[in-house]
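The structure under discussion appears below in the form of structure tokens.
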Amino acid sequence: MPVQIRPATADDRDDIRAVHLGAFPESEAHLVAKLAADLLSETSEPETISWVAECDGEVVGHMAVSPLTADIDRAWRGYILAPLGVVPAHQARGIGTKLVQNGIDVLSQRSIHALFVYGDPRYYGAFGFSAASAIGFLPPYELEQPIGWQARMLRPFVASERTFRLSCVAPLRDPAYW
Ligand SMILES: CC(C)(COP(=O)(O)OP(=O)(O)OC[C@H]1O[C@@H](n2cnc3c(N)ncnc32)[C@H](O)[C@@H]1OP(=O)(O)O)[C@@H](O)C(=O)NCCC(=O)NCCS
């Protein structure tokens with residue numbers, strides 16, 4: 001069955017929550033489902049964007065991106081990818097890949113310099129994310145697993161400083177996510 005990626009709407013809230021409650025281990029699932037639902041209502045500028053993957057009319061995957069700002073350079077424009085989930089019955093069929101690639105494509109067309117992620121390097125490395133690209137960009141909170149902090153450069157940026165402290169949208173301002 002072909003998979004379609006489309007922007008999420010408020011009507012998708014319950015389906016999106018269900019995706020993450022099914023995809024993540026029980027210890028994290030409620031936190032991630034809450035984040036996904038909160039990001040759906042976020043009215044940041046630039047915009048927070050959520051997409052769903054639909055298969056035969058059923059929502060089987062979800063991904064959101066939200067803006068990051070750098071404390072000392074307002075010209076810099078970044079985003080963070082979180083969360084990403086695909087329901088177990090539909091995993092390993094390329095749906096996660098489609099969601100990530102679509103997000104990279106959309107942000108690349110919007111003059112965004114870098115997309116960050118805090119996740120498994122074995123998964124995200126295939127999309128061009130690396131820890132090396134994230135050096136100098138300090139996450140908003142201390143990380144429990146620093147090895148997961150990665151960035152995918154989308155366009156060149158000549159930095160005015162060597163170190164930037166990043167700020168995130170309100171739904172991500174909880175140390176439990178980091
Ligand atoms: C991670 C996740 C989103 C991937 O979605 P998916 O639709 O199964 O991914 P794809 O089918 O596009 O897989 C792409 C490749 O990544 C691999 N892969 C999947 N999950 C992986 C993981 N956790 N670590 C390493 N590789 C992984 C697949 O084997 C596949 O490899 P291949 O192309 O060589 O066969 C999905 O497995 C999921 O929801 N997991 C639970 C939640 C989670 O961990 N989210 C990410 C948090 S950072």
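Just so you know, ligand 1 is whichever comes first in the structure, and atom 1 is the first atom listed for that ligand.
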Around [atom], find the nearest protein heavy atom and jot down its residue, atom name and distance.
{"atom": "atom 11 (O) of ligand 1", "result": "G94 N, 2.7 Å"}
{"atom": "atom 48 (S) of ligand 1", "result": "Y124 OH, 3.3 Å"}
{"atom": "atom 23 (N) of ligand 1", "result": "D120 OD2, 4.0 Å"}
{"atom": "atom 45 (N) of ligand 1", "result": "L84 O, 2.9 Å"}

Winner among Y123, F127, Y118 once heavy atoms are compared against atom 17 (C) of ligand 1: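 Heavy atom nearest to atom 17 (C) of ligand 1 belongs to Y123.
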
Test: R6 and D12 ion pair at under 4.0 Å: yes

Would you say [X] has any N or O atom under 3.5 Å from an N or O of ligand 1, going by distance alone?
{"X": "G119", "value": "no"}
{"X": "A23", "value": "no"}
{"X": "F24", "value": "no"}
{"X": "R93", "value": "yes"}
{"X": "T97", "value": "yes"}

Test item: Y177 side-chain N/O and L31 main-chain N/O as donor-acceptor pair under 3.5 Å: yes

Interatomic spacing from CE in M63 to CH2 in W51 - rounded to 0.5 Å: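 Answer rounded to 0.5 Å: 5.0 Å.
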
Nearest-0.5 Å distance, CD1 of residue I16 to OG1 of residue T9: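 The OG1 atom of T9 is 7.5 Å from CD1 of I16, to the nearest 0.5 Å.
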
Donor-acceptor pairs under 3.5 angstrom involving side-chain atoms of residues 18-26: please list them, not counting sequence neighbours.
unit_1: H20; atom_1: NE2; unit_2: H62; atom_2: ND1; d: 2.8

Interfacing atoms of ligand 1 (cut-off 4.0 Å, heavy-atom, G85): 39 (O)

For I95, the ligand 1 atoms whose distance to one of its heavy atoms is below 4.0 Å: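 Result: 7 (O), 12 (O).
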
W76 vs F137, ring-ring contact (aromatic ring centres under 6.0 Å, His included): CA-CA, chis, key distance, verdict: CA-CA 11 Å; W76 182 84; F137 293 92; 5.2 Å; yes

